[in-house]
Amino acid sequence: MVRIAFVMGEYPGAEFERRAEKARSYSGPDLDVDVLKVGVSPYRGLMTPMEVQMAAPLFIEAYRRAEREGYDAAVPLGFLDLGVEGGRSAVDIPIVGALQASLRVADLLGDRFGFIVYRDESIGPARARVQAYGMADRISGFQSSKMKMTQYAEAPGALEENFLTAARSLIDSGADVIIPAGVSQCPVHLDPRWLTAELGIPVVDGFGAPIHMAASLARLGLAQSRIRHPRSEPPESGA
């Protein structure tokens, strides 16, 4: 049995349970996905670079907790890959972020990736994160579903229509894989398998890709290189 810690921020009651239930749904006979909660909320919408950096230590501590509690790997919710870079120096278990995993999965499935974010103002930060992973030349374009994540539960029909419109525009511009760069769109509210059938090209699952990649690394006995990510110990109290 491989145990994955799925690290989530704070969401209003029903929204937290919706995401936690989705994460746990990837569990199976040889895979157990548990949710660890951290005290930061991405539910308001766009997190600025400042907010992303301020959240990172909370996620890194959650990865430390996951290692102490015997989890085999950890995955943070969302395409911000919160605390992933620092967390890989903090623990000896694999830490896999949704953005990096989705890009790697897309690389196995096609040549040109279409990104769909929440709103237009999310495009700039998303482009910068893709650039940081060295994959900018594989992106055919960016679109948004033009809705706040707080609107999805109340207007699922509008989300579906907007997402499909954005995806078809990206396909017209050359995309052969769609990456929903916002898990509250897909897979939380939209089924990636249904979208794949509807669009006729692969739609990468931002929960499934990092969870199953992390599980595969754990089964292979692999984790981050200590040349690339030297191990760091937590600072002494009061230092």
Side-chain angles (χ1 to χ4, degrees), residues 1-44 47 51-52 55-105 118 129 149 152-153 179-193 203-220 222-224 229:
M1 174 70 72
V2 172
R3 299 178 65 217
I4 303 294
F6 193 82
V7 183
M8 285 179 50
E10 295 178 336
Y11 291 82
E15 294 296 335
F16 182 89
E17 289 307 318
R18 180 179 284 114
R19 289 159 179 76
E21 181 180 0
K22 175 61 69 173
R24 295 186 190 107
S25 73
Y26 294 81
S27 298
D30 60 352
L31 177 61
D32 182 31
V33 181
D34 289 332
V35 172
L36 300 185
K37 187 176 180 180
V38 297
V40 60
S41 178
Y43 190 64
R44 298 186 312 275
M47 289 185 73
E51 291 171 317
V52 168
L58 300 176
F59 278 78
I60 292 170
E61 181 51 40
Y63 305 146
R64 293 189 191 278
R65 173 188 164 192
E67 185 175 52
R68 289 195 303 269
E69 295 183 5
Y71 289 94
D72 299 294
V75 170
L77 180 148
F79 272 72
L80 296 174
D81 289 2
L82 290 167
V84 167
E85 183 70 11
R88 288 173 174 163
S89 284
V91 298
D92 292 322
I93 59 174
I95 308 296
V96 180
L99 173 55
Q100 190 173 30
S102 294
L103 287 167
R104 300 308 174 190
V105 169
Y118 297 131
R129 289 191 291 272
M149 70 174 76
Y152 294 165
I179 299 178
V183 294
S184 292
Q185 299 175 102
C186 171
V188 172
H189 286 279
L190 297 174
D191 181 353
R193 298 193 181 199
V203 175
V204 180
D205 179 345
F207 274 38
I211 286 172
H212 287 295
M213 189 173 290
S216 294
L217 290 174
R219 291 189 180 102
L220 290 167
L222 297 174
Q224 47 275 3
H229 291 93

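Here the structure is a predicted model, which is why all the values come from computation and not from measurement.
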Between [X] and [Y] (salt bridge meaning N to carboxylate O under 4.0 Å), is one present in this structure?
{"X": "Arg129", "Y": "Asp81", "result": "no"}
{"X": "Arg18", "Y": "Glu15", "result": "yes"}
{"X": "Arg68", "Y": "Glu61", "result": "yes"}

About how many Å separate [atom2] of [Y] and [atom1] of [X], when rounded to the nearest 0.5 Å?
{"X": "Met149", "Y": "Tyr118", "atom1": "CE", "atom2": "OH", "result": "4.0 Å"}
{"X": "Tyr71", "Y": "Asp32", "atom1": "OH", "atom2": "CG", "result": "7.0 Å"}
{"X": "Glu85", "Y": "Ile60", "atom1": "CD", "atom2": "CD1", "result": "9.5 Å"}

- Task: Could you give me the CA-CA distance, side-chain angles and deciding distance for Leu217 and Val96, then say whether side-chain contact (heavy atoms from CB on, under 4.5 Å) is met?
- Result: CA-CA 9 Å; Leu217 290 174; Val96 180; 3.9 Å; yes
Any donor and acceptor pair, going by atom type alone, linking the side chain of [X] with main-chain N or O of [Y] inside 3.5 Å?
{"X": "Glu67", "Y": "Ala74", "value": "no"}
{"X": "Gln224", "Y": "Arg88", "value": "yes"}
{"X": "Arg3", "Y": "Glu69", "value": "yes"}
{"X": "Arg19", "Y": "Val188", "value": "no"}

- Item | side-chain contact (heavy atoms from CB on, under 4.5 Å) between Ile179 and Leu103, worked out | CA-CA 8 Å; Ile179 299 178; Leu103 287 167; 4.0 Å; yes
- Message: Does atom CD (Glu10) have a neighbourhood of more than 12 heavy atoms from anything else shown, all under 6.0 Å?
- Response: yes
- Measure from NZ or CZ of Lys37 to the centre of the six-membered ring of Phe16 and say whether it is under 6.0 Å with the direction within 45° of the ring axis. yes
- Phe6 ring centre to Arg24 NZ or CZ under 6.0 Å, with the angle to the axis within 45°? no
- Check the angle between the aromatic planes of Tyr26 and His212 and answer parallel, tilted or perpendicular using the 30° and 60° thresholds. perpendicular
- Query: Does the pair Val7 and Val75 meet the rule for a side-chain contact (heavy atoms from CB on, under 4.5 Å), with working shown?
  - Reply: CA-CA 6 Å; Val7 183; Val75 170; over 6 Å; no
- Which is it for Leu31 and Ile4 under the side-chain contact (heavy atoms from CB on, under 4.5 Å) test, yes or no, and what are the steps along the way? CA-CA 8 Å; Leu31 177 61; Ile4 303 294; 3.6 Å; yes
